Amino acid sequence: MVPGIRAVAYHSGARALARSLALALVLTLSQYHSTTATAISALSINLGAASAFILGPALVNQPGDMSMYMYVTAAISFLVALPIFAFFPAAPPTPPSVAAQSILAAEGARQDASILSINATFDHEDLPFAKRRQDSSFDIGLAITEANAQRMSSATSIGAIKGASNALFESGGASTLGIASAVLDNDVPPLAFDSLRQELWYCMTHPSFACLALSGGFVLGVYNGWAGSYVSQARTHACAHEHNRIDSCVIDRSVGSTLSSSLRTRRPRSVGSALRH
Amino acid sequence: MISSTAGGLLFGFLGDMKPLRRQFKLMLFVLLLMTLVFFGWFWLSLPSSYMEEVLPSNYSSLLIAVSLGSFFLFGCSPLYYELGIELTFPASGGTSGMSRRSKRASGPSLTHSLTHSVLVAGGIITTLNNLGCLVYLVIALFVPETLLNTLMVLTTIICCLMILLIVERYNRAIVEHNL
């Protein structure tokens, strides 16, 4: 949650508060650090989920507190999201990186057939959209890192919100949330819907990317479900321990035997997934 | 969770280092292998329906196995996104709607197309991520719970092998760093 809050604070007018932090971020993350930026945005989701482990036990003392906890989480997510809708710029004032600028330059050149300065050319044969780009060339200029930070922090705050909202819609709405975030993150105007479909099709029929996406998506997704089932088992045991004072049902004993005994007793699945967060 | 976040940040940062900048496939493969080692350790430390536990275990050994496993697994996460973006980089070819937007000089609306290029790939991976979670939860309903660790290890092996099928191509890096 913290990076998300920082990003929102930065963009919602409280600039003085977060300026030094944001500046440090800007200086650290130039265009050569796109993987670091991606890591921060992708893992702020985990940070949000980790905060649930602190927030959850603090707020939930008995089973009836569960819905209250849900409301609190929803309120926090909503409050974090609100300034984004209100204040967040639709796009950075300048292209965030050379690659971004080259895309823009290519589009502009395709549109009005104006040739820009030639600094780099593309390998045309490899690219599906190459025919349309044959006359275009790429203008490589200086990337303004302020814009890069804006792009990154937008991704970061969205990630943190997703982390918080994941706590709400964990299993049932998971795929819906994914599709929604794919569409929302793109900030797609209705006019460009054709283009989005085209891009999706291109990505999904790209063999290497399909392999990568399937591999990455499934290993991380299965891990989430798998880890979640253990967390919910631990919670079930903790609850049973606290409320029934069953001394045999403890976690601080050898976990190997606790886990194996918990594996032999089937627990109701719905309770387990509700207790996960 | 904390260790996975730390792992993601560390390997995300490492992925930006010069010698490793174009080695995402190798990095992914090695990281998944390390994940496999630690999850395999975890899997062998617990009994399942078809075998007794092979390795001795206690609380801290299991904790270390899971923490290090998720450390390496989530180290993959930013690399997956970045490699996906690199592979599909030019996928921001616009049609009518986009072109009309981009004709307005260097205004902010121009950059809609680049959010596209970056986030279509990320969106697909995120969707598949959630889909994988959903599939797992559905499978877990029908499979006895003693097989779930095995399922996790099998998924890691399969995904590890799928990494080998990828043909690397750094379309964005070519433009970005003029390589």
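Numbered from 1 within each chain, the chains take letters A, B, ... in sequence-line order. Source: prediction; values computed, not measured.
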| query | Which one of B/L161, B/L32, B/L73, B/T156 has the most heavy-atom pairs closer than 4.5 Å to chain A? | reply | B/L73
| field | Sub-4.5 Å side-chain heavy-atom contact between B/T155 and A/Y223 | value | no
| Gap separating the OG atom of A/S215 from the CD1 atom of B/I158, nearest 0.5 angstrom | 10.5 Å
| If you look at every heavy atom in B/M152 and A/V219, which pair is closest and at what distance? | CE-O, 4.1 Å
| said: Measuring from atom SG of B/C76 to atom CG of A/L220, what distance do you get when rounded to the nearest 0.5 angstrom? | reply: 7.0 Å
